[in-house]
Amino acid sequence: MLDAPTIDIIKATVPAVQQHAEQITQCFYPLMFERYPEVIPYFNQSHQGSGSQPRALANAVVAYAANIDNLGVLDEAVGRIVQKHCALGIQPEQYPIVGECLLAAIAEVLGEAATPEILAAWGAAYGQLADLLIGAEESVYTANEEKPGGWRGARAFELVRREQESEVITSFYFKPCDGGSLPDYAPGQFITVLLDIDGQSVRRNYSLSDAPGGDAFRISVKREPEGLVSGFLHERLQAGDRVNLLPPCGDFVLRDSERPLVLLTGGVGITPAISMLNSAIGSGRRIHFIHAALNSGAHAFRGHVDALAAANDNLNTCYVYNEPRPECRPHAQGLVSAELVADQLGGEHDVDYYFLGPKPFMVQARRIAEQLGVPAGQVHFEFFGPAEDLVA
């Protein structure tokens, strides 16, 4: 625990750090990558280029410092960070690297205002946070390892099948090379793929796109223009090739409930929703599956979802195409609106509302939940960036 003088210094300097938070994190990442290039594979460089990763870190640092004497209010945020870290395989020995470079960035940006006393206080605060995260992450690693079929760290898998789901999305099926079983996971969780692409080590998270209980892990990946990893998977990874995977992680998961379930997705955001749908369809729970796509050529899993709807009265579907082709047959055209969702729900707002898709879609989906009066505790989403970016 931090002593009272240290807490007082942190709280007194929060406004200054908040004012310069993005400058500090923009200084921090290049500094860390220069001093410790071995950590680069743990960071998605596209998120670096867009600024979302520095903003996320800036927001986290400020939130932690502002609540330094009442950390309980951050339990949910800390839980998300722990899941992200475990998904990437973050280890205790990496925390001193971050601490060293973060303090150096604070000193560089704040200049003479960053006195030795202030830096010592922020160093102590970072040490407390590191200990908190390391302990929580070890609990997740241990739980993943002790599950039937579970493991810790990297495990070798073989690609056993590829399947085209749309013009831009392909599914990849992986089985363990050791012939062992797979652990159960929560619908909505993701795995991390470890690859070496032309000498560059990279790690990427991909949602598991089927219900748990099968003999293979399935991920469904959109081919992104100029995408390093998605391009490698689509163009170069073939059946029989091997990759390393980390265990399933993530807190964007299907909760047990008897309320109607809304799965609102855009583009490749459909992948975790398919896992949730496949898991929930036999429960008898009312399910509203609303998916937005460019057109039928980009729409993955339509045949699968239509077959489920034909066989299960509890599933209602609605497909919205923004740029339909002449042969397309969507239920609606344009963008998903509050009126469209309200019509699908028949005026019901006491629902469990899950959404995922591109950032503009998610901004609108979150706004729709507020407009329809869905209770905040029943709104769930996964977003790789500062949550504040979703607030209109």
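Small disclaimer: the values here were computed from a predicted structure and weren't measured. Values below: every heavy atom of this structure, side chains too, minus hydrogens, waters and symmetry copies.
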Chemist: Salt bridge check: are Lys175 and Asp215 linked by an N-O gap of less than 4.0 Å?
Modeler: yes
Chemist: Is it the case that the side chains of Asn322 and Gln333 hold a donor-acceptor pair, with the cut-off being a distance below 3.5 Å and no angle test?
Modeler: no
Chemist: Checking Gln189 side chain against Gly250 main chain: does a donor-acceptor pair fall under 3.5 Å?
Modeler: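 Confirmed, Gln189 side chain pairs with Gly250 backbone.
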Chemist: Using the ring centroid of each side chain, check whether Phe355 and Phe361 are separated by less than 6.0 Å.
Modeler: no
Chemist: Taking C-beta and beyond as the side chain, do Ser296 and Tyr321 meet within less than 4.5 Å on heavy atoms?
Modeler: yes
Chemist: Which residues satisfy the side-chain contact (heavy atoms from CB on, under 4.5 Å) test with Asn67, sequence neighbours excluded?
Modeler: Val73, Leu74
Chemist: Tell me every residue that passes side-chain contact (heavy atoms from CB on, under 4.5 Å) with Glu138, counting only those two or more places apart in sequence or in another chain.
Modeler: Tyr141, Thr142, Arg152
Chemist: Is there a side-chain contact between Asn316 and Ile290 in this structure, where contact means two heavy atoms from C-beta onward sitting under 4.5 Å apart?
Modeler: no
Chemist: Examine distances only and state if a side-chain atom of Glu22 and a backbone atom of His20 form a donor-acceptor pair shorter than 3.5 Å.
Modeler: no
Chemist: Measure the acute angle between the ring planes of His299 and Tyr319, then classify it against the limits of 30° and 60° as parallel, tilted or perpendicular.
Modeler: perpendicular
Chemist: Using modelled atom types and a 3.5 Å cut-off, is there a donor and acceptor pairing between side-chain atoms of Arg223 and backbone atoms of Val221?
Modeler: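 No; zero donor-acceptor contacts below 3.5 Å.
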Chemist: Classify the side-chain pair Asp350/Gln378 by whether it contains a donor and acceptor separated by less than 3.5 Å.
Modeler: yes
Chemist: Counting distance only, does the side-chain N/O of Ser275 pair as donor-acceptor with the main-chain N or O of Asp210 below 3.5 Å?
Modeler: yes
Chemist: Please confirm whether the backbone N or O of Leu103 pairs with a side-chain atom of Tyr126, one donor and one acceptor, at under 3.5 Å?
Modeler: no
Chemist: Do Pro212 and Pro187 have side chains that approach each other closer than 4.5 Å (heavy atoms only, starting at C-beta)?
Modeler: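 Counting from C-beta outward, Pro212 and Pro187 do come under 4.5 Å.
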Chemist: Are side-chain N/O atoms of Glu137 and His85 paired as donor and acceptor at under 3.5 Å?
Modeler: yes
Chemist: For Phe190 and Ala87, which heavy atoms make the closest approach, and how far apart are they?
Modeler: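 It is CE1-CB, 3.2 Å.
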Chemist: Quick one: does Leu315's side chain get under 4.5 Å of His288's, heavy atoms only?
Modeler: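 SC-SC contact between Leu315 and His288 ruled out.
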Chemist: Taking Leu340's backbone N and O only, do any of them form a donor-acceptor pair with Ser337's side chain (distance below 3.5 Å, no angle check)?
Modeler: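 Yes, the answer is positive, given that a donor and an acceptor are paired below the 3.5 Å cut-off.
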Chemist: Show, in sequence, the C-alpha distance, side-chain angles and deciding distance for Val82 and Val140, and conclude whether the side chain to side chain contact (heavy atoms under 4.5 Å, CB included) test is met.
Modeler: CA-CA 8 Å; Val82 166; Val140 173; 3.8 Å; yes
Chemist: Hey, are Thr170 and Gln164 close enough side-chain-wise for a donor-acceptor pair under 3.5 Å?
Modeler: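 Judged by distance alone, the side chains do pair up.
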Chemist: Can you measure from CG (Asn295) to CD (Glu323) and round to the nearest 0.5 angstrom?
Modeler: 7.5 Å
Chemist: Mind checking whether Phe301 and His304 have parallel, tilted or perpendicular rings, split at 30° and 60°?
Modeler: perpendicular
Chemist: Cation-pi check for Tyr173 against Arg161: NZ or CZ below 6.0 Å from the six-membered ring centre and within 45 degrees of the axis, yes or no?
Modeler: yes
Chemist: Distance only, no hydrogens: is a donor on one side chain within 3.5 Å (strictly under) of an acceptor on the other, for Glu165 and Ser220?
Modeler: no
Chemist: What heavy-atom pair brings Leu31 and Ala104 nearest, and what distance separates the two atoms?
Modeler: CD2-CB, 3.6 Å
Chemist: Going by an N to O cut-off under 4.0 Å, is there a salt bridge joining Arg286 and Glu348?
Modeler: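 Judged by the 4.0 Å cut-off on N to carboxylate O distance, Arg286 and Glu348 do not form a salt bridge.
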Chemist: Only counting residues at least two apart or in another chain, list the ones meeting side-chain contact (heavy atoms from CB on, under 4.5 Å) with Asp69.
Modeler: Ile7, Lys11
Chemist: So, do Phe381 and Tyr353 have ring centers that fall under 6.0 Å from each other?
Modeler: no
Chemist: Testing Ile24, Ile118, Val109 for side chain to side chain contact (heavy atoms under 4.5 Å, CB included) with Val17, which one passes?
Modeler: Ile24
Chemist: What is the minimum heavy-atom distance between Arg155 and Pro176, and which atoms define it?
Modeler: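 The pair with the smallest heavy-atom distance is NH2-CB, 3.5 Å.
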Chemist: Please check if atom CD in Gln371 has more than 12 non-hydrogen atoms from other residues, nucleotides or ligands closer than 6.0 Å.
Modeler: yes
Chemist: Is it the case that the side chain of Thr13 and the backbone of Ile9 share a donor-acceptor pair, with hydrogens and angles ignored and the cut-off at 3.5 Å?
Modeler: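 Side chain of Thr13 to backbone of Ile9, a donor-acceptor pair under 3.5 Å: yes, one is there.
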Chemist: Quick one: does Trp151's side chain have a donor or acceptor within less than 3.5 Å of a partner on Gly153's backbone?
Modeler: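 Confirmed, Trp151 side chain pairs with Gly153 backbone.
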Chemist: Between Asp241 and Arg162 (salt bridge meaning N to carboxylate O under 4.0 Å), is one present in this structure?
Modeler: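 Not counted as a salt bridge, because no side-chain N and carboxylate O are separated by less than 4.0 Å.
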Chemist: Working to the nearest 0.5 angstrom, can you tell me the gap between Arg218 CZ and Ser207 OG?
Modeler: 12.0 Å
Chemist: Tell me whether Glu235 at atom CD has more than 12 heavy atoms from other residues, nucleotides or ligands lying less than 6.0 Å away.
Modeler: yes
Chemist: Got a second to check how far Ile270's CD1 is from Thr265's OG1, nearest 0.5 Å?
Modeler: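 Reported value, rounded in 0.5 Å steps: 4.5 Å.
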Chemist: Let me confirm one number: the CG-CG distance from Leu195 to Leu228, rounded to the nearest 0.5 Å.
Modeler: 8.5 Å
Chemist: With heavy-atom distances below 4.5 Å as the criterion, would you say the side chains of Arg302 and Asp306 are in contact?
Modeler: yes
Chemist: Do Phe217 and Phe174 have ring centroids that are under 6.0 Å from one another?
Modeler: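 Judged by ring-centre distance (under 6.0 Å), Phe174 and Phe217 do not meet the cut-off.
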Chemist: Is there a continuous path of hydrophobic side-chain contacts, each under 4.5 Å between heavy atoms, that joins Leu57 to Val62?
Modeler: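 Unlinked, Leu57 and Val62 end up in two clusters.
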Chemist: If you measure from CG on Leu208 to CG on Leu182, what distance do you get to the nearest 0.5 Å?
Modeler: 9.5 Å
Chemist: Let's go through Ser279 and Ile281 carefully: what are the C-alpha distance in whole Å and the side-chain angles of both, what is the deciding distance for side chain to side chain contact (heavy atoms under 4.5 Å, CB included) to 0.1 Å, and is it a yes or a no?
Modeler: CA-CA 6 Å; Ser279 300; Ile281 191 64; over 6 Å; no
Chemist: What's the shortest heavy-atom distance between Leu372 and Ala342, and which atoms?
Modeler: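 Looks like CD2-CB, 3.8 Å.
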Chemist: Does the side chain of Gln364 come under 3.5 Å of the side chain of Arg367 through a donor N or O and an acceptor N or O?
Modeler: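 Yes, a side-chain donor-acceptor pair sits under 3.5 Å.
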Chemist: If you compare all heavy atoms of Leu119 against all heavy atoms of Ala114, which two are closest, and at what distance to 0.1 Å?
Modeler: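 What the structure gives for the nearest pair is CD1-O, 3.8 Å.
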Chemist: Would you say the side chains of Ser209 and Thr271 form a donor-acceptor pair under 3.5 Å?
Modeler: no
Chemist: If you compare all heavy atoms of Asp196 against all heavy atoms of Ser201, which two are closest, and at what distance to 0.1 Å?
Modeler: OD2-OG, 3.9 Å
Chemist: Count the heavy atoms belonging to other residues, nucleotides or ligands that lie under 6.0 Å from CD of Glu76, then report whether that count exceeds 12.
Modeler: no
Chemist: State whether a side-chain donor-acceptor pair under 3.5 Å links Gln94 with Tyr36.
Modeler: no
Chemist: Is there a salt bridge (charged side-chain N to carboxylate O under 4.0 Å, His left out) between Asp184 and Lys147? Walk through the geometry before answering.
Modeler: CA-CA 8 Å; Asp184 278 338; Lys147 287 181 181 179; over 6 Å; no
Chemist: Pick from Leu264, Leu254, Val262: which one makes a side chain to side chain contact (heavy atoms under 4.5 Å, CB included) with Tyr354?
Modeler: Leu254
Chemist: Taking atom types as modelled, is there a side-chain donor on Thr192 or Asn205 under 3.5 Å from an acceptor on the other?
Modeler: yes
Chemist: Just verifying a value: how many Å separate Ile134 CD1 and Ser139 OG, rounded to the nearest 0.5 Å?
Modeler: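 The distance works out to 12.0 Å.
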